Asks: 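Submitted below is the structure of interest, expressed as structure tokens.
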Number of protein chains: 2
Amino acid sequence: MKTYVCDLEITLDFIGGKWKPLIIYFLIKGPKRTGELKTLLQSISQKMLIQSLKELEHDKLISRKVYNQRPPKVEYSITEIGQTLEPMLRALCAWGKDYSQKTLENESLK
Amino acid sequence: MKTYVCDLEITLDFIGGKWKPLIIYFLIKGPKRTGELKTLLQSISQKMLIQSLKELEHDKLISRKVYNQRPPKVEYSITEIGQTLEPMLRALCAWGKDYSQKTLENESLK
DNA sequence: CAGTATCCTACAGGATACTG
DNA sequence: CAGTATCCTGTAGGATACTG
């Protein structure tokens, strides 16, 4: 079994990577179809989208609902567990915004 | 210039990766010498340690103090900006701990 | 002890084409 | 439309040896 220096690493194992935090972020705002996510995430590849969704579903952070119709419709939504990530993601966003503003200020002082 | 779907990505650009969050986490607890960090981080390579420290210093999240003596002594400490990351890192840790406990409970129900 | 310099490898992530 | 299957590439991260 893998050993962790700190619980931090556990969290990063689940929501780390380039896309997962963003997917969760958007799903917290409400359920989305596969195509909608693809549009929101802009440059994500089909492969990474499906792969990330699968892993998040497996980890019980999001859930997947299939509508039996043609053409197929699949909707992803956040789970209760996934929802608990909201405050952290908000904080992460806020920090990024703040930091980039401070950096901008410094740049303009040069 | 790079475009972001969400401010989330800015933050991840600065503290993303395998080691940076951990380094910040430990430095928040107090200043550390290079060697101490290496011990705390266990499996980190010399290269990644120095490289991460350099980038964090460049981004003003940590500061580096050199003591002029033989053998050399260098101490890293968190900056004011870096300090603002504390609540987030705490939250990240807490979540990881919680999540792994829930998962453990489910495992034992099988 | 702290840091550099190389060289190397594994794997996250991407491009493309195809199916029900 | 949602998802698979392949093949491919860039780069994050590691191993090792060396310097002041």
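In the text below, chain A, chain B and the rest are named by the order of the sequence lines, each starting its count at 1. No hydrogens, no waters, no symmetry mates; every other heavy atom, side chains included, goes into these values. Computed from a predicted model, the values in this text were never measured in an experiment.
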Asks: Quickly work out the B/I44 CD1 to D/dT16 P distance and round it to whole Å.
Replies: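 Interatomic distance, CD1 of B/I44 to P of D/dT16: 17 Å.
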
Asks: Give me the atom names and distance for the closest heavy-atom approach of B/L37 to B/L49.
Replies: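 Of all heavy-atom pairs spanning B/L37 and B/L49, the closest is CB-CD1, 4.2 Å.
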
Asks: Answer with yes or no whether the hydrophobic clustering places A/L22 together with B/M88; edges join I, L, V, M, F, W, Y residues whose side-chain heavy atoms lie under 4.5 Å apart.
Replies: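 In one cluster: yes.
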
Asks: Name the stems with DNA chain D in them: runs of three or more consecutive Watson-Crick or G-U pairs, distances under 3.5 Å?
Replies: C:1-20 with D:1-20

Asks: Round to the nearest Å and state the distance from A/K65 atom NZ to D/dA2 atom P.
Replies: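 From A/K65 NZ to D/dA2 P: 15 Å.
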
Asks: Compare the minimum distances between each of D/dG20, C/dA2, D/dC1 and the side chain of A/R33, then state the nucleotide with the smallest one.
Replies: D/dC1

Asks: Between B/E9 and B/Y4, what is the shortest heavy-atom contact and its length?
Replies: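 Heavy atoms of B/E9 and B/Y4 come nearest at CB-CD2, 3.2 Å.
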
Asks: Restricting to non-hydrogen atoms, name the atom on B/L89 and the atom on B/I24 that form the minimum distance, rounded to 0.1 Å.
Replies: CD1-CG2, 3.5 Å

Asks: Could you walk me through whether B/K97 and A/I10 pass the side-chain contact (heavy atoms from CB on, under 4.5 Å) check?
Replies: CA-CA 8 Å; B/K97 203 172 174 181; A/I10 303 174; 5.9 Å; no

Asks: Rounded to the nearest angstrom, tell me the gap between atom CD1 in A/I23 and atom P in C/dA12.
Replies: 15 Å

Asks: What is the distance from CD of B/Q51 to P of D/dG13, rounded to the nearest Å?
Replies: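 Nearest whole value for this atom pair: 8 Å.
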
Asks: In whole Å, I'd like the distance from the NZ atom of A/K32 to the P atom of D/dA2.
Replies: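 These atoms are roughly 14 Å apart.
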
Asks: Write down the atom of A/T84, the atom of A/P87, and the distance for their closest heavy-atom approach.
Replies: O-CD, 3.5 Å

Asks: Which heavy-atom pair separates A/K20 from A/F14 by the least distance, and what is that distance?
Replies: CD-O, 3.3 Å

Asks: For A/Q83 and A/E86, does a side-chain donor sit closer than 3.5 Å to a side-chain acceptor?
Replies: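 Yes, side-chain donor-acceptor contact under 3.5 Å.
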
Asks: Measure the distance from CG on B/N68 to C1' on C/dA2 and round it to the nearest whole Å.
Replies: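 Checked: the CG to C1' distance equals 13 Å.
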
Asks: Between D/dT11 atom C1' and B/M48 atom CE, what is the distance in whole Å?
Replies: 11 Å

Asks: Hey, what do you get for CG (B/L27) to OG (B/S77), rounding to the nearest 0.5 Å?
Replies: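 If we round to the nearest 0.5 Å, B/L27:CG and B/S77:OG are 7.5 Å apart.
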
Asks: Measure the distance from CG on B/L37 to C1' on C/dA2 and round it to the nearest whole Å.
Replies: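 Rounded to whole Å, this separation is 12 Å.
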
Asks: Can you pull out the residues from residues 13-22 of chain B that lie within a 4.0 Å heavy-atom distance of DNA chain D?
Replies: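 Residues of residues 13-22 of chain B that come under 4.0 Å of DNA chain D are, in numerical order, B/G17, B/K18, B/W19.
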
Asks: Could you pull out the closest heavy-atom pair between A/D7 and B/C93, with the gap in Å?
Replies: CB-O, 3.4 Å

Asks: Quick check: do A/L41 and A/I23 have side-chain heavy atoms less than 4.5 Å from each other?
Replies: yes

Asks: N/O contacts under 3.5 Å, protein versus nucleotides 3-6 of chain C?
Replies:
unit_1	atom_1	unit_2	atom_2	d
C/dG3	OP1	B/R64	NE	2.7
C/dG3	OP1	B/R64	NH2	2.4
C/dG3	OP1	B/Y76	OH	3.1
C/dG3	OP2	B/T34	OG1	3.2
C/dG3	OP2	B/Y76	OH	3.0
C/dG3	N7	B/Q46	NE2	2.2
C/dT4	OP2	B/K54	NZ	3.3

